[in-house]
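Worksheet: the structure to be examined is printed underneath.
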Amino acid sequence: MTFLAFCLYASTGLTDDLRSITVAGDFSYAPFEFSETNKAPCRGIFVDLWHRWSEKTGIAVNYRCMQWDDALKAVEEGRADVVGGIFFSPERAQRFDFSKIHMEIPTAIFFHRSIYGLQQLEDLKGFRVGVVKEDFAENFIKQNQPDITVVPYPSNEELVRAAGKDEIRVFVADTPVALFYLIKSDLTNEFNYSQQALYKNKVYSAVKKGNVGLLKTIDEGFDLISKNDINAIEKDWTGLSIVYMLPWTWIGIACVAFVGLCASVLLWNHQLRDRVKKATTSLENHQHKLVEQMHLLAINAEIATVMIKGRNIQTTLQASTEILVRHLEVAFARIWLLNERNHTLELCASAGMYTHLDGAHSRIPMGESKIGRIAADRKAVITNQVIGDPNVEDQVWAGTEKMVSFAGAPLIVSNRLVGVIAFFARAPLSDTAQHALISIADQIALGVNRNRMEAERQQTEIEKNELERQLSRAKKMEALGLLAGGVAHDLNNILSGITSLPELLLMDENLQPKQRLSIETIQKAGQRASAVVDDLLTITRGVAGIKEVLNINRIIREYTFSPEFKILTLAHPALKIETRLDPELMNIKGSYIHIRKALMNLVTNAVEAVAVNENRTQQVWIETSNQYLDRPMQGYDHIHIGEYVVLTVSDTGPGIADQDLERIFEPFFTKKMMGKSGTGLGLVLVWNAVQDHQGYINVKTAPQGSSFQLYFPITRESLTLKEDKKPMTAYMGKGQTVLIVDDEEKQREIGSQILEKLGYSVSAVASGEAAVEFLKNNPVDIIVLDMILGEGMNGRETYAEIIKFYPGQKAVIVSGFTESEEVRRVQQMGAGEFVKKPYSVEKIGLAVYRLWGVTP
């Protein structure tokens, strides 16, 4: 091997006051610089050159050998003056200033004789490649092939020793240095190296950045060293010598010629055998590599098959771990998948000596333990020294189970981490196992990604079908709502006569008892008919009316003491209804009437369900609870994240048939006798009431019974105080003028009678246009304005015209419908309260009275 010559320059003089310098070098970079022990002096080519430099300059040199990264730190920190021999890199140039070039040293790829054909840097992909820490080779690989796994060692000697122990099978090192330690370790027959150097590095000396005076002294000293001096040092360390021909007699020459001929024959024979041996070794290596590749192909093909045929991700991953255990003969293999929501690796498959999926390793946070760090670093880890590995936490377990090796790799697809695969073995991992880890990890990652994409496609299809189902239900509700809305308006006008007038008649103290009873019967019939109309209006959506702060526990208690509840329990003497109410139940904001009606319908349905089978326990439970969902829940509805009050009504009935479950909330769908046991609107009212409160429904059913769960969003507002019923004397008028605007003659008559009874002076008109004309000449204190006025202007338009010439005109808004957006717009213009038809004396009386600015 030929080493480099020095670049010689003319001397320009040395620094006079410099008497000694400390040179730092690598203690395991033979034959250039090395030390047999920590206390032994440094030896080698670099050391002798610096001693010659000392002789030429008269400056004493203290050459200290240490680990390479310590040598660099020593110069940076001022504990040494010069790095004796160093390669240039841009990173190092930020820390050091470099001298003139001393020589060039080639660097090669060294690989185990069982590996074939590693000649270029690209050939190292898939291998763990050993290098000396902070050596130029480490930076060279990372810059040119960053996906190659690099394993750093403190020194060249430890690098070669690790190769001898089979920790690594491939390493990159300076050729003469690696050969020196391979010879020293008797490993020359175990490793081959690339015939062409990866690169040739120029050798410099280096000083701490900015120390230009010392650098100049160094260069001037080396300029004084002659070429003959350099050659002499090289000969001493490389074993080269110059043989001179001496004058011999002809006989001596003949003897030498004969000996030379014999030597040539022997040399030719040796070379021939060496060539045969190398060719045989090369063929064996090639055959071994082919067998290894065939094995890898077989493993990948089997895993690809299960990935394609697998029914779900769980069975697919389990089959993959079983393949690894069978083919690679490892103790056990496991696969974790990443839960991206909480950054946790969840154990999904385990084969070999462990098959359970629970325990300490079932959920591993990113970055914790050996598996979590593989995921966080996104780098494979392979070791044949489990005992003593600080990353293997349970060393007692490893020793008891005689674990020798470990391999783990991240599952990555399209730069997205999906999980980790890992296995332990009781024997050193072969090249096949190490190569298999990387290729199998890629294969499984692709399979997981493909499975997830298919699952997402199926979920999208399910969500699409659910949306179509909801749209179909919404269209039915909309159609029914349009029908109900039109019918309700007309019915409310008709019902006014049998709900409002009886209330006026009952005020007559001279009524006979029989007359009073008949009028009360008429009034109750009207109220029941009005309740049916309200049920129809509930179906139109957005009809929950004014929302107030409620506690469902209070609604349940009031219901269980109501006449309706007593009638229900008396009709079913074997029935047992039990309440389980959360004493810390949160409040909700909603409509008392509609939530009570939903509760009543659910309890009625449950009672009728358990009454079907007399041989069975007739039990109904009414329960409440607070519930916080930190992730969406798929029930009968898709329930979103949030805080809810849950009202549950359960029974021991026969359950709901599958074919009926999808239809139970459809209008007029009932399994009961229509008109006798129900109208088919009970569950429709429940569904609409929940929707109007931005809530959700979940239905659970089985042959042992059914359960309806209503989810209502909580509020942290305080309960609304309930007003007591006020006597009529508390809201009597004092002769104020009132104008009733209504297109229905009967409504004008009833409204006029009620308000006149309450002490107001009342006028009435049949249209918005008539109201505007009347008010121009006859101003009034209060207007009672119907929102729907038939032809011409509606209520909002009428009020808009009135306030043009009477700004701030006081008005009560009335309608047969419930409160709507139109009502709210009129109120924003300055109108007062809203009253729903049919009228009651108290409702219309209080609304008009409050416009005075007084609360009775």
query = How far apart are the C-alpha atoms of Glu842 and Ser840, what are their side-chain angles, what is the distance that settles it, and do they pass the side chain to side chain donor-acceptor pair (under 3.5 Å) test?
reply = CA-CA 5 Å; Glu842 183 179 25; Ser840 72; 5.7 Å; no
query = Given side chains that start at C-beta, do those of Asp786 and Glu744 come closer than 4.5 Å, heavy atoms only?
reply = no
key: Approximate separation, where rounding is to 0.5 Å, of Glu749 CD and Ile740 CD1   = 10.5 Å
request  = State, yes or no, whether a side-chain contact exists between Val649 and Asn605 at a heavy-atom distance under 4.5 Å.
outcome  = no
note = On a heavy-atom basis, the closest approach of Ala847 and Val835 is CB-CG2, 3.5 Å
message = Do Leu599 and Leu710 make a side-chain contact, defined as non-hydrogen atoms from C-beta onward lying under 4.5 Å apart?
response = no
task = With the side chain counted from C-beta on, respond yes when Arg596 and Ser562 share a heavy-atom pair under 4.5 Å apart, and no when they do not.
result = yes
query = Taking only residues two or more places apart in sequence or in another chain, which ones pass ring-ring contact (aromatic ring centres under 6.0 Å, His included) with Phe712?
reply = His693
query = With respect to Ile552, which candidate in Asp582, Asn587, Thr624, Val646 satisfies the side-chain contact (heavy atoms from CB on, under 4.5 Å) definition?
reply = Thr624
request  = Answer with yes or no whether the side chains of Asp651 and Ser706 bring together a donor and an acceptor at under 3.5 Å.
outcome  = no
request  = Give, for atom CE of Met829 and atom CD1 of Ile813, the distance between the pair rounded to the nearest 0.5 Å.
outcome  = 9.0 Å
task = Could you tell me whether Glu578 atom CD has more than 12 heavy atoms of other residues or ligands within 6.0 Å of it?
result = yes
request  = Report yes if some heavy atom in the side chain of Leu629 is under 4.5 Å from a heavy atom in the side chain of Gln627; otherwise report no.
outcome  = yes
request  = Please check if atom NZ in Lys843 has more than 12 non-hydrogen atoms from other residues, nucleotides or ligands closer than 6.0 Å.
outcome  = yes
ask   = Considering residues at least two apart in sequence or located in another chain, which fulfil the side chain to side chain donor-acceptor pair (under 3.5 Å) criterion with Gln809?
value = none
key: Exercise: identify the closest heavy-atom pair between Ser767 and Val741   = O-CG1, 3.6 Å
query = Rounded to the nearest 0.5 Å, how far apart are NZ of Lys836 and OG of Ser815?
reply = 8.5 Å
key: side chain to side chain donor-acceptor pair (under 3.5 Å) involving Arg557 - partner list, sequence neighbours excluded   = none
remark   = By salt bridge (Lys or Arg N to Asp or Glu O under 4.0 Å), Glu643 pairs with (sequence neighbours left out) Arg716
key: Any Leu758 side-chain heavy atom under 4.5 Å of Tyr849 side chain   = no
remark   = Taken to the nearest 0.5 Å, the spacing of Thr715 OG1 from Ile588 CD1 works out to 9.5 Å
inquiry  = Please enumerate all residues that pass side chain to side chain contact (heavy atoms under 4.5 Å, CB included) together with Ser650, with sequence neighbours excluded.
reply    = Trp621, Glu623, Thr648, Ser707
inquiry  = Please check this pair: side chain of Arg748 against backbone of Asp742, looking for a donor-acceptor N/O pair closer than 3.5 Å.
reply    = yes
ask   = Which heavy-atom pair separates Tyr799 from Ala811 by the least distance, and what is that distance?
value = CE1-CB, 3.7 Å
request  = Check Ile803 against Ala800 and note the closest heavy-atom contact, atom names and distance.
outcome  = CG1-O, 3.4 Å
query = Can you name the ring-ring contact (aromatic ring centres under 6.0 Å, His included) partners of Phe708, sequence neighbours left out?
reply = none
Centroid-centroid under 6.0 Å between Tyr711 and Tyr644 rings = yes
Side-chain heavy-atom pair Val620, His572 within 4.5 angstrom cut-off = no
query = Any side-chain heavy-atom pair from His638 and His640 closer than 4.5 angstrom?
reply = yes
ask   = More than 12 non-hydrogen atoms from neighbouring residues, nucleotides or ligands closer than 6.0 Å to CD on Glu564, yes or no?
value = yes
Thr652 side-chain N/O to Gln619 backbone N/O, donor-acceptor pair under 3.5 Å = yes
Spatial distance of atom CG (Leu568) from atom OG1 (Thr560) [nearest 0.5 Å] = 12.0 Å
query = From Ile639 CD1 over to Arg631 CZ, what is the distance, rounded to the nearest 0.5 angstrom?
reply = 14.5 Å
